[in-house]
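To keep things clear, I will list the structure first and then write my remarks on it.
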Amino acid sequence: MKAYSYFCSTRIEMGVGKSKELPALLQSLGGGSSILLVSDPGVIRAGLVAPIQAALEGAGYRVSLFDQLSQNPRDTECLEGATRFRDASADMVVAIGGGSAMDTGKAIALCGPNGGTPADYADGRLAYENIAPIICVPTTAGTGSEVTRSSVITESTTHRKMTLKHAALRPTLAVLDPALTYSVPASVTAATGVDALVHAIEGYTCKVTNPISQALGAKAMKTIVSALPLAYADGQNEAARHAMLEGSLLAGLCFGSADVAAVHCLAEALGGMYDTPHGIANSVFLPHVLRFNAKENVAMHADLARYMGFAVDADTNEQAVDKLIAGIAVWTAGLQIPKLSDLPGVKEEDFPRIVELSMKNGSTPSNVRTISAEDYLRILEEAYRA
């Protein structure tokens with residue numbers, strides 16, 4: 001019997017209107033009075049940040065806004081944010097947005113009080129300690145970063161996607177308000193939703209999974225596959241938006257104490273090279289990695305097909321796996337996710353570099369089936385010709 005541990009210290013508040021309670025929730029936690037508010041320009045333009053900032057200032061908090069971040073956040077942006085954190089004498093970081101804002105917020109909460117660069121922590125030169133409290137308010141249903149111990153940051157000079165990972169990076173508080181997701185464009189809804197599904201699949205199947213992660217992942221898969229097409233078709237569908245935010249949360253709790261695997265390794269390499277949105281990068285590789293991985297554990301992948309409704313109990317495991325791979329392809333096509341060959345900048349001559357970055361990713365050893373550089377290259381070529 002395999003030993004395992006599961007830990008999540010984040011307080012989770014979920015429900016429509018919960019973001020309006022943020023000042024009171026912060027007061028209940030105690031602590032300081034100076035906040036660095038981290039968000040991205042798109043979320044600010046959507047009008048989601050101003051009401052929260054005004055409410056915080058009305059409750060007596062000093063708030064400084066930092067919005068200089070990309071959809072794949074860079075180490076240079078995190079360092080600028082860390083300087084702003086120190087200049088503002090901030091006590092805590094409140095991140096409002098998708099994965100880019102929350103991951104940047106975590107890196108700022110780490111580097112702001114302690115100095116150093118994200119690479120210093122990712123490469124083990126500095127210890128994860130004295131981290132400022134992190135409060136996350138997600139505005140997309142996808143990343144799950146509001147409950148994870150990870151922050152993925154691009155190293156500007158090498159295009160390497162670095163994963164900062166430590167239990168102390170888990171947010172103190174996650175406030176999930178489905179109303180903040182109603183205005184998310186359909187294309188972003190689709191991409192972030194697929195990202196959440198991959199979190200659930202890889203958290204469930206990876207070599208370092210555990211029964212708690214698998215229970216959360218099974219529920220997340222069922223929820224996301226059902227709800228995402230509805231939220232994509234009608235962004236004002238309140239039930240679908242609520243279900244997607246909950247599914248993303250469950251998927252974050254799934255992989256947050258396990259790991260991701262080969263789909264994410266390829267996707268992060270693609271994002272580092274071409275700035276491809278993370279959810280889209282996950283989507284283009286998902287069916288091809290599933291086909292590769294299913295040969296390692298047919299029964300487990302048949303279970304995935306049944307959780308997601310692509311197969312029924314009467315199907316054999318082999319039939320269920322075939323339906324899983326075909327079903328995922330049809331499902332993502334319905335979300336109008338582009339193919340790898342359609343993505344800007346992607347060139348076959350870059351495949352060796354993508355393989356190199358994927359092999360260096362710390363989550364490659366977690367893939368349910370041992371994967372080599374040659375395997376990664378074959379998957380890339382298969383996805384490119386799909």
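Nothing here was measured: the structure is a model prediction, and the numbers come from that model.
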Under the criterion side-chain hydrogen bond (donor to acceptor under 3.5 Å, both in side chains), I'd like the reasoning laid out for K161 against N72: C-alpha separation, chi angles, the key distance, then a yes or no. CA-CA 9 Å; K161 285 261 192 168; N72 288 295; 2.6 Å; yes
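- Using a 4.0 Å cut-off between charged side-chain N and carboxylate O, D120 and R125 make a salt bridge.
- Using a 4.0 Å cut-off between a side-chain N of Lys or Arg and a carboxylate O of Asp or Glu, R353 and D350 do not qualify as a salt bridge.
- A salt bridge is absent between R378 and E381: the closest approach of a Lys/Arg side-chain nitrogen to an acidic carboxylate oxygen does not fall below 4.0 angstrom.
- Salt bridge absent: R84 and D87 never bring a charged side-chain N and a carboxylate O closer than 4.0 Å.
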May I have the list of side-chain donor-acceptor pairs in residues 242-253 shorter than 3.5 Å, sequence neighbours left out?
unit_1: S248; atom_1: OG; unit_2: G142; atom_2: N; d: 2.9

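- Around NZ of K20, the count of heavy atoms belonging to other residues, nucleotides or ligands within 6.0 Å does not exceed 12.
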Could you give me the CA-CA distance, side-chain angles and deciding distance for Y384 and F351, then say whether ring pair (Phe, Tyr, Trp, His ring centres under 6.0 Å) is met? CA-CA 10 Å; Y384 195 75; F351 284 5; 5.5 Å; yes
Just list the side-chain donor-acceptor pairs under 3.5 Å for residues 285-295, sequence neighbours left out, or say none.
unit_1: H288; atom_1: ND1; unit_2: E382; atom_2: OE2; d: 2.9
unit_1: R291; atom_1: NH1; unit_2: E382; atom_2: OE2; d: 2.6
unit_1: N293; atom_1: OD1; unit_2: N367; atom_2: ND2; d: 2.7
unit_1: N293; atom_1: ND2; unit_2: N367; atom_2: OD1; d: 3.2

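- Annotation: F255 is not in aromatic contact with Y204 [ring centroid separation under 6.0 Å not met].
- Between R160 and D123, at least one side-chain N (NZ, or NE/NH1/NH2) sits under 4.0 Å from a carboxylate O, which counts as a salt bridge.
- For residues 199-213, no pair satisfies salt bridge (charged side-chain N to carboxylate O under 4.0 Å, His left out), with sequence neighbours left out.
- With salt bridges taken as basic N to acidic carboxylate O contacts below 4.0 Å, one links D275 and R74.
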